[in-house]
A.B. asks: 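There's a structure below that I have some questions on.
The shown structure was predicted, so the numbers you read here are calculated from the model rather than taken from an experiment. In what follows, every heavy atom counts, from backbone to side chain, and hydrogens, waters and symmetry copies are set aside.
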Amino acid sequence: MTMQEPPQPRTARQPAAESPSETDDPALVVDGLVKRFGSGETAVTAVDDVSFSVDRGSVVGLLGPNGAGKTTTIKSILGMVLPDSGSVRVQGVDIYEHPRQAYRHVDAMLEGARNDYWRLTVRENLRYFATISGVVPDSVADRHERLLDQLDLAEKADEPVRSLSRGMKQKVSLASVLATDASVVFLDEPTLGLDVESSLTLRRELRRIVAERDLTVLLSSHDMDVIEDVCDRVIIMNDGRVIADDSVEQLLRQPEASRFRVTSPDIDAALRREITERFDVVEAAVTDDTTRIDVDTDSAGFYDLVALLRADGVTLESVRTPDPDLEDVFLGLTNGGGEKSDERRERTR
């Protein structure tokens, strides 16, 4: 039988006899990474002096708008792109000087790549990728069975991957990565194509698997809920550079403009338009008998808003300061808040 075209290689990973170095060094260290495409005036700097580290056993989220340099950074770390300068160490090993030794610790699940063999069954994929990583599959059979249970794949274990739904294929890709002995794992949009229930299951089980095996994970996703639920820390990139690197908790404490939420039945369409023209309206919701408007502003701006409402004879039901979420912080840091506010303004007119 003719086999399908093979999936895109996850990494340049090769089996080796050595065990990971037992040191206190971070599992991943990226130092001064630079990658330019083209030359002369048309050259584009996709990655501009990017540096960060990831401690062993931690899950770090990598965020950024399209074109921020996330994919090029990940591909540079995985050896799929050769950077112009900088260094990367995995488990203390320089990947450019000793790639075979470094990549034996690494595996990855890449968005847009065929990460599995679709003609093989789910269980066969797990065994296959364990084998090519240098692991005897029978020695990790118990791990594979646990993965099948944890990711709700047990009932599909003996079915070919090509017969599964998109969401199930996504879970098989994740299981195939976790089926190996890799200690540093890269996950690009792991919940893409999953329904809400499956996404929640994956987040919960991923945290459990990370804790059980002391895995180190660099996770890229546009789903802020996934980042908040799974990650210990978040790195945000924009225009090829790292612009924020902190825990979710600390990022949510960014000294950005305060948000004020006013609710009243007296705010009509004309007043809503005036508010959106004069203030940064983040969100507005209109029900049958009341209107709620969220505004990003400082205290002086809030007094101006109250003065406008009072001049229009508005009686306020409530005023509060809701906490920003990670999406708000992300958009503010990447200068994306204005575009989103414009979209929201259109919906409130």
Side-chain angles (χ1 to χ4, degrees), residues 10-11 13 19-33 50-64 68-71 73-78 86-95 102-111 143 147 150-151 174-175 177-191 199-237 242-254 326 329-330 333:
R10 294 205 189 94
T11 67
R13 189 168 177 236
S19 60
S21 58
E22 298 294 336
T23 72
D24 293 328
D25 293 338
L28 173 67
V29 178
V30 178
D31 186 16
L33 208 62
V50 167
S51 299
F52 62 84
S53 64
V54 180
D55 291 336
R56 298 167 189 258
S58 64
V59 183
V60 174
L62 184 61
L63 291 176
K70 305 187 305 299
T71 299
T73 298
I74 291 174
K75 288 185 175 181
S76 296
I77 295 171
L78 295 177
S87 65
V88 177
R89 296 194 304 278
V90 175
Q91 302 291 25
V93 181
D94 190 302
I95 68 167
Y103 286 130
R104 68 185 175 85
H105 302 297
V106 175
D107 213 332
M109 171 182 172
L110 301 179
E111 181 192 5
R143 177 195 300 170
L147 282 170
Q150 289 168 327
L151 297 177
L174 176 61
V177 170
L178 299 175
T180 72
D181 269 348
S183 58
V184 181
V185 174
F186 294 79
L187 302 178
D188 192 7
E189 298 291 353
T191 60
S199 177
L200 290 172
T201 298
L202 185 144
R203 294 180 224 169
R204 181 181 66 251
E205 295 304 330
L206 180 59
R207 285 296 329 183
R208 181 185 302 178
I209 293 165
V210 166
E212 287 176 354
R213 295 175 50 187
D214 199 29
L215 290 177
T216 303
V217 179
L218 185 65
L219 187 155
S220 177
S221 177
H222 286 94
D223 189 330
M224 299 296 171
D225 290 336
V226 172
I227 297 295
E228 288 195 51
D229 285 354
V230 175
C231 298
D232 304 306
R233 189 174 117 229
V234 179
I235 297 169
I236 301 178
M237 294 185 63
V242 173
I243 61 171
D245 183 351
D246 215 329
S247 67
V248 172
E249 181 180 1
Q250 290 300 318
L251 286 172
L252 292 177
R253 294 177 180 173
Q254 290 284 325
L326 186 58
V329 174
F330 170 76
L333 290 172

A.B. asks: First locate atom OG1 of T201, then atom CD of Q150, and finally report the distance between them rounded to the nearest 0.5 Å.
C.D. replies: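 It comes to 11.5 Å.
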
A.B. asks: Please tell me if the side chains of I95 and V106 come closer than 4.5 Å, counting only heavy atoms from C-beta onward.
C.D. replies: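 No, side chains not in contact.
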
A.B. asks: Nearest heavy-atom pair of K70 and L63: which atoms, and what distance?
C.D. replies: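 In this case the closest contact between K70 and L63 is CD-C, 3.4 Å.
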
A.B. asks: For the side chain of R56 and the backbone of D25, is there at least one donor-acceptor N/O pair under 3.5 Å apart?
C.D. replies: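 Yes; judged by distance alone, with no hydrogens or angles, the pair exists.
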
A.B. asks: When rounded to the nearest 0.5 angstrom, what distance separates CD1 in I243 from CZ in F330?
C.D. replies: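 The CZ atom of F330 is 7.5 Å from CD1 of I243, to the nearest 0.5 Å.
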
A.B. asks: Test D225 against R203 for side chain to side chain contact (heavy atoms under 4.5 Å, CB included), laying out the working first.
C.D. replies: CA-CA 10 Å; D225 290 336; R203 294 180 224 169; 3.7 Å; yes

A.B. asks: Please assess L28 against F52 for the test side chain to side chain contact (heavy atoms under 4.5 Å, CB included), listing each intermediate value before the final yes or no.
C.D. replies: CA-CA 8 Å; L28 173 67; F52 62 84; 4.1 Å; yes

A.B. asks: Please round to the nearest 0.5 Å and tell me the distance separating atom CG of L62 and atom CG of D245.
C.D. replies: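 It is 10.0 Å, given to the nearest 0.5 Å.
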
A.B. asks: Could you check whether any side-chain heavy atom of F186 comes within less than 4.5 Å of a side-chain heavy atom of V177, counting everything from C-beta outward?
C.D. replies: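 Not in contact.
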
A.B. asks: Whether the side chain of D232 engages the backbone of V59 through a donor-acceptor N/O pair (distance < 3.5 Å, no angle test) should be reported.
C.D. replies: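 Side chain of D232 to backbone of V59: a pair is present.
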
A.B. asks: Work out which heavy atom in L110 is nearest to a heavy atom in D188; give both atom names and the distance.
C.D. replies: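 Looking at all heavy atoms of both residues, the shortest contact is CA-CB, 4.0 Å.
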
A.B. asks: Search all heavy atoms of D55 against all heavy atoms of T216 and return the closest pair with its distance.
C.D. replies: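 Result for this residue pair: O-CG2, 3.6 Å.
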
A.B. asks: For the CD atom of E212 and the CZ atom of R208, what is their distance to the nearest 0.5 Å?
C.D. replies: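 Spacing of CD (E212) from CZ (R208) equals 7.0 Å.
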
A.B. asks: Would you compute the distance between atom CD1 of I209 and atom CG of L174 and round it to the nearest 0.5 angstrom?
C.D. replies: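 The CG atom of L174 is 6.5 Å from CD1 of I209, to the nearest 0.5 Å.
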
A.B. asks: Check V234, V226, T191 against L219 for a side-chain contact (heavy atoms from CB on, under 4.5 Å) and give me the one that passes.
C.D. replies: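 The single option meeting the side-chain contact (heavy atoms from CB on, under 4.5 Å) with L219 is V226.
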
A.B. asks: Give the minimum heavy-atom separation between V54 and R233, together with the two atoms involved.
C.D. replies: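 That closest heavy-atom pairing would be CA-NH1, 4.2 Å.
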
A.B. asks: If I compare all heavy atoms of A102 with all of V90, which pair ends up nearest, and what's the gap?
C.D. replies: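 That would be O-CG1, 3.9 Å.
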
A.B. asks: Would you say the side chain of V329 lies within less than 4.5 Å of the side chain of V248, judging by non-hydrogen atoms?
C.D. replies: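 The answer is no, as the side chains (C-beta and beyond) never meet within the 4.5 Å cut-off.
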
A.B. asks: Any idea which heavy atoms bring P190 and S220 closest together, and the distance?
C.D. replies: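 Reported closest heavy-atom pair: CD-O, 3.8 Å.
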
A.B. asks: Are more than 12 heavy atoms from other residues, nucleotides or ligands located less than 6.0 Å from atom CZ of R89?
C.D. replies: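 No, because the 6.0 Å sphere around CZ of R89 holds 12 heavy atoms or fewer from other groups.
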
A.B. asks: In Å and rounded to the nearest 0.5 Å, what is the CG to CD1 distance from L333 to I236?
C.D. replies: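 Rounded to the nearest 0.5 Å, the CG-CD1 separation comes to 5.0 Å.
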
